[in-house]
2 protein chains.
Amino acid sequence: MENGAENVRSQMRKGVLEYCILSILDKKEAYASAILEELKAANMIVVEGTVYPLLIRQKNQGLLSYRWEESTQGPPRKYYCITEKGRQQLGEMDLAWQEIVDTIRTIKEK
Amino acid sequence: MENGAENVRSQMRKGVLEYCILSILDKKEAYASAILEELKAANMIVVEGTVYPLLIRQKNQGLLSYRWEESTQGPPRKYYCITEKGRQQLGEMDLAWQEIVDTIRTIKEK
DNA sequence: TTTTAGTACTATGTGTTGCAAGGTATTAAA
DNA sequence: TTTAATACCTTGCAACACATAGTACTAAAA
């Protein structure tokens, strides 16, 4: 049971993380560790235990597909790729995100 | 198990709603129904069953206080008011929100 | 060969949040 | 007395992020 600045961020991430991942995969296919890297580079701190289940969820919803690819170092990699359905979902998320940003601005500027 | 554009919005609201309410009460004290009205006016659709527990939670965390006030029409109203601790929390949320907005922009613009 | 380290993916249980649905209490008008 | 309007509250549920732990494959060191 506790707060702190980190919990605030954790709660705000909900729903947004899924949006981030679809956006990343909309640019190019990638495997989980690379996605994690890009999220960290963009200052969105998350951990493996969060990203992997999310990818599986999105794949089960038909938003993503994947293919295996051998790696010279370590086990094979699961390259994820956005589907047509995923692109539609991403379009809705773009709208929803813009709405929320506008909402906050409206409330703040009064 | 469900999708739809509304679910997308519902998920993105998580954590943000708390931020909205603190922001509203930072401007002036208000009772729950009035807060609901302002949220709807700002295009943030929520329902009573979401707002009331949230106000109680924030009050229990010491972010809000309240006082009762008689109404000429209908039952008495519970006017909520932000506390000093609530203002500190709001400050952290301002930062967290700005960070997330920047993160999305970073991912999107690449 | 066996062990160690590094990389990649998976599974389980917990706490927080938003929501649907329904309920209680007060006041004024029909 | 009944109805409608206003205001507040409760319960049970699903989705999400996270901590923690575990599996599997590869290559280099012992």
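Proteins come first, then strands; the chains are lettered A, B, ... in the order of their sequence lines, and each starts at number 1. This structure is a prediction, so every number in the text was calculated from the model and none was measured. Both backbone and side-chain heavy atoms feed into the values below; hydrogens, waters and symmetry mates do not.
The stretch residues 51-60 of chain B touches DNA chain C through B:Leu54, B:Arg57, each having a heavy atom under 4.0 angstrom from the strand. Contacts between residues 14-23 of chain A and DNA chain D, defined by a heavy-atom separation below 4.0 Å, involve A:Lys14, A:Gly15, A:Leu17, A:Glu18, listed by number.
Taking atom CD on A:Glu37 and atom P on C:dC9, their separation rounds to 13 Å, with Å as the unit. Between A:Asn7 atom CG and C:dT14 atom C1' the separation is 13 Å, expressed in whole Å. Rounded to whole Å, the distance from CE on A:Met12 to P on D:dC16 is 19 Å. With rounding to whole Å, B:Trp68 atom CH2 is found 10 Å from C:dT26 atom P. Going from atom CG of A:Leu36 over to atom C1' of C:dT7 covers 13 Å, rounded to whole Å. The interatomic distance linking B:Gln89 (CD) with C:dT16 (P) rounds to 14 Å, in whole Å. Atom CD of B:Glu6 is separated from atom P of C:dC19 by 8 Å (rounded to the nearest Å). Here C:dT16 presents its C1' atom at 14 Å from CZ of A:Arg13, a figure rounded to the nearest Å.
Residue pairs meeting the salt bridge (charged side-chain N to carboxylate O under 4.0 Å, His left out) criterion with at least one member in residues 56-66 of chain A: none, sequence neighbours excluded. Applying the salt bridge (charged side-chain N to carboxylate O under 4.0 Å, His left out) definition to pairs two or more places apart or across chains, those involving residues 16-26 of chain A are A:Asp26-A:Arg87. Within the structure, every pair that satisfies the ring pair (Phe, Tyr, Trp, His ring centres under 6.0 Å) test and touches residues 70-90 of chain A, not counting sequence neighbours, is listed here: A:Tyr31-A:Tyr79, A:Tyr66-A:Tyr80.
For D:dA7, the OP1/OP2 oxygens have a side-chain nitrogen or oxygen of B:Arg77 closer than 4.0 Å. In terms of phosphate contacts, B:Tyr31 brings a side-chain nitrogen or oxygen within less than 4.0 Å of OP1 or OP2 of D:dA7. Taking only side-chain nitrogens and oxygens, A:Ser33 comes nearer than 4.0 Å to OP1 or OP2 of C:dA8.
Applying the side chain to side chain contact (heavy atoms under 4.5 Å, CB included) criterion to B:Pro75, with sequence neighbours excluded, gives no partner residue. For the side chain to side chain donor-acceptor pair (under 3.5 Å) test, no residue two or more places apart in sequence or in another chain qualifies with A:Glu37. Here B:Lys28 pairs with B:Glu38 under the salt bridge (Lys or Arg N to Asp or Glu O under 4.0 Å) rule; sequence neighbours left out. Residues passing the side chain to side chain donor-acceptor pair (under 3.5 Å) test with A:Glu29, sequence neighbours excluded: A:Arg67. B:Ser23 meets the side chain to side chain donor-acceptor pair (under 3.5 Å) test with A:Lys108; sequence neighbours excluded.
Nearest nucleotide to the A:Tyr80 side chain, out of C:dT10, C:dT17, D:dC8: C:dT10.
One finds a salt bridge joining A:Glu6 and A:Arg13 here, because a Lys/Arg side-chain nitrogen approaches an Asp/Glu carboxylate oxygen to under 4.0 Å.
The backbone N or O of A:Gln61 sits less than 3.5 Å from a side-chain atom of A:Lys85, completing a donor-acceptor pair.
Residue contacts shown for A:Thr50 include a base, since a base heavy atom lies under 4.0 Å away.
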Practice task
Report, as a single string ordered 5' to 3', how protein heavy atoms within less than 4.0 Å touch nucleotides 25-30 of chain D: B base, S sugar-phosphate only, - not at all.
Solution key: BSS---
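Closest-nucleotide positions on DNA chain C for A:Gln11 and A:Gly49 were compared, and the one nearer the 5' end corresponds to A:Gly49.
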Donor-acceptor pairs are to be reported for all side-chain atoms of residues 42-56 of chain B against protein atoms at under 3.5 Å, with residues two or more places apart or in another chain.
none

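Considering only heavy atoms from C-beta on, A:Val101 stays 4.5 Å or farther from B:Ile104 through its side chain.
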